[in-house]
Undergrad: 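The structure that follows is given in the form of structure tokens.
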Amino acid sequence: MKDVDINYRSYADMSEFRLEDEFICPPHSERYDYDDILKFSHATKARVSRISVVGGNENAIDLNRECDDIVFNKIFINGGLQCAIVVKGGSTNIKFNEVEIASEQGHYDIELGGWSDQSKKRTRNITLSNIVRLDGKPVLVVVGNSELPSIKGGNVKVLFWRSLALKLFIFYR
């Protein structure tokens with residue numbers, strides 16, 4: 001039996017939609033009752049602009065199950081307990097432009113190609129443009145079952161050893 005995430009807001013099996021000008025956060029007392037605050041699952045051709053997301057028990061933003069052609073512009077993320085952003089499950093053509101991250105407790109900020117029980121396909125064509133942390137530290141990225149992201153500007157560091165550990169975890173899972 002698989003564990004099912006509890007998400008605050010989900011966009012599943014949807015295409016050609018926009019999400020703009022919102023602050024997305026459950027009531028403070030309920031924040032950690034949710035695994036992911038903003039979940040995309042098999043969503044395609046979406047444009048997400050000028051939003052703020054406060055993370056939950058796992059992540060603020062999670063894309064899984066072959067999402068495709070989603071562009072995030074000018075967003076602010078207060079990361080969850082795992083990390084701020086997860087892109088996995090064969091998701092492709094995902095772009096993050098002008099992102100600011102305030103990370104609370106996660107061990108890293110972005111996970112690409114993490115383990116997914118819904119799709120074993122490789123995550124591909126991820127672009128990180130002008131991604132920064134508010135504290136000035138590098139945005140820490142871990143890469144598992146994914147191509148390396150295209151990084152443009154910002155302050156981003158791919159963690160080699162943690163990426164290797166994630167690859168091994170997925171391989172032996």
Side-chain angles (χ1 to χ4, degrees), residues 3-12 14 17-41 43 46-65 67 69-89 91 93-116 123 126-144 146 149-159 162-163 165-166:
D3 293 327
V4 177
D5 280 353
I6 298 171
N7 304 307
Y8 181 67
R9 187 183 297 181
S10 294
Y11 293 89
M14 295 176 64
F17 64 94
R18 291 185 175 278
L19 175 60
E20 298 175 324
D21 302 310
E22 286 196 53
F23 177 70
I24 302 169
C25 179
H28 184 70
S29 62
E30 298 175 18
R31 178 177 170 193
Y32 296 113
D33 292 343
Y34 297 96
D35 296 308
D36 303 314
I37 301 305
L38 185 56
K39 178 77 167 210
F40 295 84
S41 179
R47 300 299 176 260
V48 181
S49 300
R50 300 173 309 277
I51 66 166
S52 295
V53 183
V54 176
N57 197 39
E58 290 181 4
N59 313 299
I61 298 174
D62 186 323
L63 292 88
N64 192 13
R65 207 166 55 92
C67 289
D69 188 19
I70 300 180
V71 178
F72 294 85
N73 286 308
K74 298 182 180 177
I75 62 174
F76 172 80
I77 301 171
N78 188 339
L81 297 181
Q82 179 190 8
C83 62
I85 300 169
V86 171
V87 183
K88 62 187 178 187
S91 295
N93 304 310
I94 310 298
K95 295 181 172 114
F96 290 92
N97 304 311
E98 296 184 45
V99 176
E100 294 181 325
I101 298 173
S103 192
E104 287 183 357
Q105 299 176 13
H107 299 290
Y108 45 87
D109 302 300
I110 299 173
E111 180 180 278
L112 303 176
W115 183 80
S116 170
T123 296
I126 308 301
T127 302
L128 307 175
S129 298
N130 299 313
I131 313 294
V132 298
R133 285 177 49 124
L134 290 182
D135 61 10
K137 295 178 182 175
V139 173
L140 303 178
V141 178
V142 175
V143 180
S146 175
S150 171
I151 299 170
K152 301 173 183 176
N155 186 7
V156 177
K157 178 180 179 183
V158 176
L159 299 175
R162 285 193 188 236
S163 295
L166 180 58

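Atom set for the values below is all heavy atoms of this structure, side chains included, hydrogens, waters and symmetry mates excluded.
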Undergrad: Return yes if a side-chain donor-acceptor contact under 3.5 Å exists between S41 and N64, otherwise no.
TA: no
Undergrad: Start with the C-alpha gap between V54 and I37, add the side-chain angles, then the distance that decides, and say whether side-chain contact (heavy atoms from CB on, under 4.5 Å) holds.
TA: CA-CA 7 Å; V54 176; I37 301 305; 5.8 Å; no
Undergrad: Under a 4.5 Å cut-off applied to non-hydrogen side-chain atoms, are K74 and N97 in contact?
TA: no
Undergrad: Given side-chain contact (heavy atoms from CB on, under 4.5 Å), test V142 with L112 step by step and report yes or no.
TA: CA-CA 6 Å; V142 175; L112 303 176; over 6 Å; no
Undergrad: What I'd like to find out is whether the side chain of I110 reaches to under 4.5 Å of the side chain of V87, using heavy atoms alone.
TA: no
Undergrad: Run the numbers on N130 and E98 for side chain to side chain donor-acceptor pair (under 3.5 Å), then give the verdict.
TA: CA-CA 5 Å; N130 299 313; E98 296 184 45; 5.3 Å; no
Undergrad: Quick one: does I101's side chain get under 4.5 Å of V139's, heavy atoms only?
TA: yes
Undergrad: Test side-chain contact (heavy atoms from CB on, under 4.5 Å) on D36 and I6 and set out the steps.
TA: CA-CA 7 Å; D36 303 314; I6 298 171; over 6 Å; no
Undergrad: Are the side chain of S146 and the backbone of T123 linked by a donor-acceptor contact shorter than 3.5 Å?
TA: yes
Undergrad: Any side-chain heavy-atom pair from E111 and I85 closer than 4.5 angstrom?
TA: no
Undergrad: Would you compute the distance between atom OG of S52 and atom CD1 of I24 and round it to the nearest 0.5 angstrom?
TA: 8.5 Å
Undergrad: Which residues pass the ring pair (Phe, Tyr, Trp, His ring centres under 6.0 Å) test with F40, not counting sequence neighbours?
TA: Y11, F72
Undergrad: Counting C-beta onward and ignoring hydrogens, is there a side-chain heavy-atom pair between T127 and K152 closer than 4.5 Å?
TA: yes
Undergrad: Decide side-chain contact (heavy atoms from CB on, under 4.5 Å) for N7 and Y34; before the verdict, give the C-alpha distance in whole Å, the side-chain angles of both, and the deciding distance to 0.1 Å.
TA: CA-CA 5 Å; N7 304 307; Y34 297 96; 5.7 Å; no
Undergrad: For atom CG of L134, decide whether the heavy atoms of other residues, nucleotides or ligands shown that lie under 6.0 angstrom number more than 12.
TA: yes
Undergrad: Please tell me if the side chains of L38 and I51 come closer than 4.5 Å, counting only heavy atoms from C-beta onward.
TA: yes
Undergrad: So how far is it from S49 OG to R18 CZ, rounded to the nearest 0.5 Å?
TA: 6.5 Å
Undergrad: Quick test of your reading of the model: are R47 and D69 salt-bridged, counting only N-O distances below 4.0 Å?
TA: yes
Undergrad: How long is the span from the SG atom in C25 to the CZ atom in R31, to the nearest 0.5 Å?
TA: 6.0 Å
Undergrad: Is there side-chain contact between N78 and V53, with at least one heavy-atom pair below 4.5 Å?
TA: no
Undergrad: Taking only residues two or more places apart in sequence or in another chain, which ones pass side-chain hydrogen bond (donor to acceptor under 3.5 Å, both in side chains) with R50?
TA: D21
Undergrad: Is the side chain of S91 donor-acceptor paired with the backbone N or O of K88 at a distance under 3.5 Å, no angle test?
TA: yes
Undergrad: What distance separates R133 CZ from L140 CG, expressed to the nearest 0.5 Å?
TA: 6.0 Å
Undergrad: Looking only at atom types and distance, does a side-chain atom of S163 sit under 3.5 Å from a main-chain N or O of V143, one as donor and one as acceptor?
TA: yes
Undergrad: Do L63 and V86 make a side-chain contact, defined as non-hydrogen atoms from C-beta onward lying under 4.5 Å apart?
TA: no
Undergrad: Could you tell me whether E58 and K39 make a salt bridge, using a distance below 4.0 angstrom between a side-chain N and a carboxylate O?
TA: no
